[in-house]
Peer 1: 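One structure follows; several queries about it will come next.
Here is the naming used below: chain letters follow the sequence lines, and residue numbers restart at 1 for every chain.
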Amino acid sequence: MSELHRHLRTVARTALETLGLTAEQADAGLRLEPPKNKDHGDVALGAFQLAKAAGKAPPAFAAELAQRIPADDVIASATAAGPFVNFKFRRSALARDVVTAIAQSQAPYGPAAANGQTVCLDFSSPNIAKPFHIGHMRSTVIGNSLRRIHRHLGATVHGINHLGDWGMPFAKMMTAYMHWGNEQELAKAPMRYMFELYKRYSNEVKTNPGLDDEAARHFQALESGQDNQERRMWQFLRDESLKAFQGPYDRLGVTFDHITGESFFEDKMAAAMARVTAAGVLEKSEGAEIVDLKAQGIKAPCLLRKSDGTTLYHTRDLAAVFYREATFHPTRILYVVGAEQKLHFDQLKAVLQKMNEPIAAAVEHVPFGLVLSKTADGNWEKFASRAGNAVFLDEILDEAVAKVRQIIRDKNPDLPDADRIAEQVGVSAIVFNDLKNSRIKDVKFDWDSMLNFDGETGPYVQYACARLASILRKAEAPVPTPEQVDWTCLEDAERVLLTMLEFGTAVQRAADQSEPSHVTAHAIALAGEIHSYLRDHRVLDAEPPVRAARLLLVDAARRVLTTGLFLLGIPAPERM
RNA sequence: GCACCCGUAGCUCAAUUGGAUAGAGCAUCAGACUUCGGAUCUGAGGGUUGCAGGUUCAAGUCCUGCCGGGUGUGCCA
């Protein structure tokens with residue numbers, strides 16, 4: 001909360017107490033929000049709850065409340081409008097409070113002090129026997145952003161890449177490699193080569209179902225824990241895959257705190273199963289071991305051991321929960337995994353609840369929508385790697401980068417280091433697009449709109465940053481300090497200031513709802529406001545006091561935009 | 001069949017979780033000191049928020065029933 005809001009709350013609480021409300025009632029009803037219509041004021045208070053607590057009609061109560069809030073050196077006015085009380089800050093106080101906080105990197109504009117939360121963030125988690133394509137990007141960039149957001153807010157964050165390096169998919173890849181694999185071919189282009197193997201297996205298994213049985217035998221052999229051919233093959237393929245993934249991760253600027261795949265829990269599953277058994281919730285059914293969840297409202301039981309004795313996805317996730325609980329003591333465990341796996345995580349949580357494990361409350365699925373591609377007749381359909389039409393992430397990024405490179409050639413031919421900038425801007429365009437809308441919405445992947453860099457896009461926000469940086473460069477002097485600035489010179493910047501004031505709310509909401517799009521939306525809004533401001537307000541040729549104040553404003557906007565982009569995992573180039 | 005998700009302007013999406021006159025971008029049209037960076041800005045047109053009920057002082061938001069699209073649904077992950 002900003003100083004402005006804190007002051008407003010204090011004054012309002014005092015006024016409410018003189019109107020006969022208790023401190024608790026005042027706090028509960030004191031919901032200060034930006035009004036929908038900017039003309040109403042800077043902050044709005046709907047007096048419905050408060051009026052109810054006071055036993056009065058909302059409009060009458062709002063009028064009384066407004067009357068008891070005097071103007072002071074921060075509050076310019078409090079006026080009642082029907083059941084609302086609208087507040088306006090003094091412009092100079094608004095400027096001083098917001099810009100000073102930004103200049104000094106105070107929270108929320110800079111990193112906050114520890115907030116006592118520990119967040120385990122399970123994201124990206126590709127199946128390392130499959131190609132890393134556009135579909136894998138969503139979990140990766142959403143998780144990467146959430147990791148930065150929580151860290152910014154003062155949480156201890158464990159970003160975990162829960163690699164799919166165990167189980168049947170991996171056994172199938174192993175089987176394919178044993179039949180047709182060639183080490184030299186693999187070394188040339190590991191990702192693509194594995195994809196070829198994957199496709200070949202998928203094709204051949206149609207006419208030769210025995211392949212799946214073979215894969216199952218290999219998995220049993222692998223899970224036996226003995227040092228055998230399967231284990232060596234597993235180690236080899238895992239190492240190669242990890243090397244191959246590093247490329248996309250580097251380009252996207254993604255890092256992890258732990259790379260512990262499913263295989264990491266190999267030796268922890270027996271204890272997990274023992275714990276489930278001890279809780280008395282494990283049953284035998286049709287040769288398998290299950291937890292019945294009907295009492296928890298889920299019809300499908302959770303399978304923890306197959307009739308052939310091997311374990312499942314659920315078994316490993318359960319072991320992972322226990323491990324994380326013991327190792328990290330998390331307050332939240334977030335799984336950034338596609339919406340199609342909702343049932344899986346509902347079951348996981350339900351099993352923990354049935355076991356009376358308190359950690360169940362921390363388990364939270366963070367689902368997201370599919371990536372759809374446009375068909376010839378204008379409809380949207382799922383990207384299907386099975387059909388062999390997987391689009392490799394690299395190809396998409398390359399295409400975007402090439403487009404940016406061309407725009408630079410057209411508009412800014414003298415830009416130094418153009419290739420590096422094109423990489424930054426092009427990759428960001430794709431990432432930004434993925435984080436722009438609510439997670440749960442499907443991402444419509446359409447080349448034309450993807451490569452249109454006008455409007456609400458990554459390049460739009462980066463362009464604003466570059467423009468601001470350019471002005472600061474041309475000032476050829478250090479940015480003024482807050483002490484040097486006459487705040488009355490920024491009274492015309494209210495739209496920019498009020499937008500920057502909202503930054504903390506946007507970040508907090510993003511963390512609470514696991515929804516990076518709130519940060520994206522804020523960055524777009526601020527970029528728009530500063531662009532508009534610069535149209536009518538010259539900086540460099542203004543009178544000295546005005547120039548100094550505006551320079552500091554420009555620097556503040558640049559900092560907030562840069563931080564916002566950082567929280568999305570996107571760089572802010574000084575030139576582009 | 002059952003469960004869950006989505007449905008808002010021609011298209012893609014917002015709407016601070018129940019609050020004031022539902023807002024942006026794209027596309028279309030009309031404009032902007034010969035640019036402190038035009039990847040920008042200003043403006044215009046464009047809406048029965050899928051349909052029908054209900055709860056409430058107040059519903060795009062909550063409840064019920066439909067319609068349309070999607071995802072999932074015991075030995076994959």
Peer 1: For a quick check of understanding: with a heavy-atom distance under 4.0 Å over all strands, which category does A:E476 fall into, base, sugar-phosphate or nothing?
Peer 2: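 Nothing: the residue A:E476, judged by heavy atoms under 4.0 Å, touches no strand.
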Peer 1: I'd like to know if the side chain of A:S145 reaches the main chain of A:L567, judged simply by a donor and an acceptor atom lying under 3.5 Å from each other, with no hydrogens or angles considered.
Peer 2: yes
Peer 1: Can you check whether A:H344 stacks with the B:A77 base, using ring centres under 5.5 Å and planes within 30°?
Peer 2: no
Peer 1: With the side chain of A:L303 defined as its heavy atoms from C-beta on, choose the nearest nucleotide among B:C75, B:U16, B:G37.
Peer 2: B:C75
Peer 1: For B:U17, does the O4'-C1'-N9-C4 (purine) or O4'-C1'-N1-C2 (pyrimidine) torsion place it in syn, i.e. within 90° of 0, or in anti?
Peer 2: syn
Peer 1: Taking the nucleotide of RNA chain B with the nearest heavy atom to each, does A:A339 or A:I471 sit closer to the 5' end?
Peer 2: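 First, find each residue's nearest nucleotide; the 5'-ward one identifies A:I471.
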Peer 1: Between A:Y313 and A:F345, how do the two ring planes meet: parallel, tilted or perpendicular, split at 30° and 60°?
Peer 2: perpendicular
Peer 1: Looking only at the aromatic ring of each residue, does the gap between the centers of A:Y463 and A:H531 stay below 6.0 angstrom?
Peer 2: yes
Peer 1: Please classify the nucleic acid contact of A:E286 as base, sugar-phosphate, or nothing, using heavy-atom distances under 4.0 Å.
Peer 2: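 Answer is base: heavy atoms of A:E286 come under 4.0 Å of a base.
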Peer 1: For A:G167, which contact category applies under a 4.0 Å heavy-atom criterion: base, sugar-phosphate, or nothing?
Peer 2: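 Sugar-phosphate: the residue A:G167, judged by heavy atoms under 4.0 Å, touches backbone atoms but no base.
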Peer 1: Tell me: CG of A:L343 to P of B:G74, nearest whole Å?
Peer 2: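 For the pair A:L343 CG and B:G74 P, the rounded distance is 9 Å.
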Peer 1: Is A:S532 touching bases, backbone alone, or none of the nucleic acid, heavy atoms closer than 4.0 Å?
Peer 2: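 A:S532: backbone/sugar contact only, no base atoms under 4.0 Å.
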Peer 1: Could you tell me the separation between the CG atom of A:L552 and the P atom of B:C36, rounded to a whole number of Å?
Peer 2: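 After rounding, the gap between these two atoms is 21 Å.
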Peer 1: Please give, in whole Å, the distance from B:A77 P to A:L348 CG?
Peer 2: 14 Å
Peer 1: Applying side chain to side chain donor-acceptor pair (under 3.5 Å), run through A:D212 and A:Y201 and close with a yes or a no.
Peer 2: CA-CA 9 Å; A:D212 275 348; A:Y201 184 98; 2.7 Å; yes
Peer 1: Whole angstroms only, please: what is the CE-P distance between A:M576 and B:G37?
Peer 2: 14 Å
Peer 1: Classify the side chain of A:N86 and the base of B:A20 as holding, or not holding, a donor-acceptor pair under 3.5 Å.
Peer 2: yes
Peer 1: Quickly work out the A:D536 CG to B:G43 P distance and round it to whole Å.
Peer 2: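 Spelled out: CG on A:D536 to P on B:G43 is 10 Å.
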Peer 1: Nearest of B:U40, B:G37, B:U17 to any side-chain atom of A:D454?
Peer 2: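 When the side chain of A:D454 is considered, B:U40 is the closest of B:U40, B:G37, B:U17.
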Peer 1: Would you kindly compare A:E456 and A:K474 by the position of their nearest RNA chain B nucleotide and give the one closer to the 5′ end?
Peer 2: A:E456
Peer 1: Between B:G74 and B:C2, how far apart are the two C1' atoms, rounded to whole Å?
Peer 2: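 15 Å, rounded to whole Å.
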Peer 1: Closer than 3.5 angstrom, by distance alone: can the side chain of A:H314 be matched with the main-chain N or O of A:H344 as a donor-acceptor pair?
Peer 2: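 Answer holds: yes.
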Peer 1: Across the strands shown, which category fits A:I524 at heavy-atom distances under 4.0 angstrom: base, sugar-phosphate, nothing?
Peer 2: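 Touches nothing.
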Peer 1: Quote, to the nearest angstrom, the P distance that separates B:C76 from B:A15.
Peer 2: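 One P to the other, the span is 40 Å.
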Peer 1: Compare the minimum distances between each of B:U40, B:U21, B:U71 and the side chain of A:Y463, then state the nucleotide with the smallest one.
Peer 2: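 For the A:Y463 side chain, the nearest candidate turns out to be B:U40.
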Peer 1: Pick the P atom in B:G7 and in B:G50, then give their distance to the nearest Å.
Peer 2: 8 Å
Peer 1: Of the nucleotides B:C13, B:G60, B:G37, which has the atom closest to the A:R575 side chain?
Peer 2: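 Looking only at side-chain atoms, A:R575 lies closest to B:G37.
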Peer 1: Do any N or O atoms from the side chain of A:T310 and from the backbone of A:K306 form a donor-acceptor pair under 3.5 angstrom?
Peer 2: no
Peer 1: Quick check: any donor-acceptor pair below 3.5 Å linking the side-chain of A:T457 to the base of B:G25?
Peer 2: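 Not at all, since no donor on one side and acceptor on the other fall under 3.5 Å apart.
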Peer 1: Give the stems involving RNA chain B, where a stem is 3 or more consecutive Watson-Crick or G-U wobble pairs (i with j, i+1 with j-1, and so on) under 3.5 Å.
Peer 2: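 When the pairs of RNA chain B are grouped into runs of at least three, the stems are B:1-7 with B:67-73, B:10-13 with B:23-26, B:28-32 with B:40-44, B:50-54 with B:62-66.
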Peer 1: Under 6.0 Å between the ring centres of A:H40 and A:F84?
Peer 2: no
Peer 1: Does the side chain of A:S241 come within less than 4.5 Å of A:M194's, by heavy atoms?
Peer 2: yes
Peer 1: Please evaluate the base of B:U17 for a donor-acceptor partner in the side chain of A:Q513 within a cut-off of under 3.5 Å?
Peer 2: yes
Peer 1: Looking at B:A20 and A:F84: do their rings stack (centroid distance under 5.5 Å, interplanar angle under 30°)?
Peer 2: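 Ring-base stacking flag set for A:F84 and B:A20.
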Peer 1: Under 4.0 Å between a side-chain nitrogen and a carboxylate oxygen: does that hold for A:R558 and A:D555?
Peer 2: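 Yes, charged N to carboxylate O under 4.0 Å.
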Peer 1: Let's see if you can work this out: which of B:A15, B:C13, B:G72 has an atom nearest to the side-chain heavy atoms of A:K441?
Peer 2: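 For A:K441, the side-chain atoms sit closest to B:C13.
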